[in-house]
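Note that the structure is predicted; figures quoted are calculated from it, not measured.
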Amino acid sequence: DGPRVAISLGVGDNETKRIGGDFESRLIRALGEKFRAIWIDRGVGGAEATRVTAAAKVSGCADRVRFWEGSFAGFASLIAQSDLYVGYDSAGQHAAAASGTPLISIFAGAPSDRFRRRWSPQGPGRIHVIEADSLTPVGCLAKFEAILAQDLDIF
């Protein structure tokens with residue numbers, strides 16, 4: 001049921017990697033306008049699962065959302081079969097880059113530019129990294145939406 005996007009909004013208890021406010025629900029809404037299926041990783045459960053479930057519920061496109069609850073290997077397979085991957089700095093961005101899946105990584109909370117360069121995804125597909133540290137949630141969403149609008153052949 002394509003086109004499909006895989007999303008990981010997990011931050012592993014490192015809240016500096018997360019964009020606040022209603023950014024996540026608005027991100028899901030923007031993706032819902034372009035994709036028929038939105039796969040969201042719920043991670044290991046707990047507070048992160050509750051947060052992403054709530055964001056999906058209020059996004060206005062909950063009917064397109066499917067949740068992944070399983071191994072990372074399974075989610076990596078789903079990423080490789082997707083038309084786009086979107087997420088915070090995490091293992092998912094590297095799985096997308098390695099498989100050639102186009103990706104948009106929202107990179108916040110890096111302690112230095114060197115860290116960001118070292119851990120930014122690299123691979124054969126189209127890779128966009130949004131350096132979000134100096135952006136407001138609205139500014140980060142605008143940058144994200146601009147990438148979606150300009151790179152129309154992602155999906």
Please report the shortest heavy-atom distance between [X] and [Y], naming the atom on each side.
| X | Y | value |
| --- | --- | --- |
| Asp41 | Val52 | O-CG2, 4.2 Å |
| Leu103 | Ala97 | CD2-N, 3.5 Å |
| Gly109 | Asp133 | N-OD1, 2.6 Å |
| Ser25 | Ser59 | O-CB, 3.5 Å |

If we only count heavy atoms from C-beta on, is the [X] to [Y] side-chain gap below 4.5 Å?
| X | Y | value |
| --- | --- | --- |
| Ile130 | Ile147 | yes |
| Pro121 | Val129 | yes |
| Ile28 | Val58 | no |
| Ser8 | Tyr85 | yes |
| Ile104 | Leu148 | yes |
| Thr53 | Lys57 | no |
| Phe144 | Leu31 | yes |
| Asp22 | Pro137 | no |

Open item on the list: If hydrophobic clusters are built by linking Ile, Leu, Val, Met, Phe, Trp and Tyr wherever their side-chain heavy atoms come under 4.5 Å apart, do Leu27 and Val138 end up in the same one?
Closed with: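 Looking at the clustering, Val138 is in a separate group from Leu27.
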Open item on the list: Strictly distance-based, threshold 3.5 Å: is any side-chain N or O of His128 a donor or acceptor partner for the main-chain N or O of Pro102?
Closed with: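 No; judged by distance alone, with no hydrogens or angles, the pair does not exist.
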Task: Main-chain N/O of Arg42 paired to Glu69 side chain as donor or acceptor, under 3.5 Å - done: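 No; zero donor-acceptor contacts below 3.5 Å.
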How far does [atom1] of [X] sit from [atom2] of [Y], to the nearest 0.5 angstrom?
| X | Y | atom1 | atom2 | value |
| --- | --- | --- | --- | --- |
| Thr16 | Tyr88 | OG1 | OH | 11.5 Å |
| Thr101 | Arg126 | OG1 | CZ | 10.5 Å |
| Leu135 | Ile19 | CG | CD1 | 7.5 Å |
| Phe75 | Ser82 | CZ | OG | 7.5 Å |
| Phe107 | Gln93 | CZ | CD | 6.0 Å |
| Trp39 | Arg64 | CH2 | CZ | 15.0 Å |

Would you call [X] and [Y] a salt bridge, taking side-chain N to carboxylate O under 4.0 Å as the test?
| X | Y | result |
| --- | --- | --- |
| Asp83 | Arg4 | no |
| Arg51 | Glu24 | yes |
| Asp89 | Arg116 | no |

Return yes when atom [atom1] of [X] has more than 12 non-hydrogen atoms of other residues, nucleotides or ligands closer than 6.0 Å, and no otherwise.
| X | atom1 | value |
| --- | --- | --- |
| Asp13 | CG | no |
| Arg66 | CZ | yes |
| Gln122 | CD | no |
| Trp68 | CH2 | yes |

TODO: Decide side chain to side chain contact (heavy atoms under 4.5 Å, CB included) for Leu9 and Ile7; before the verdict, give the C-alpha distance in whole Å, the side-chain angles of both, and the deciding distance to 0.1 Å.
DONE: CA-CA 6 Å; Leu9 298 173; Ile7 306 173; 3.6 Å; yes
TODO: Given side chain to side chain contact (heavy atoms under 4.5 Å, CB included), test Cys140 with Ile106 step by step and report yes or no.
DONE: CA-CA 8 Å; Cys140 190; Ile106 300 148; 3.8 Å; yes
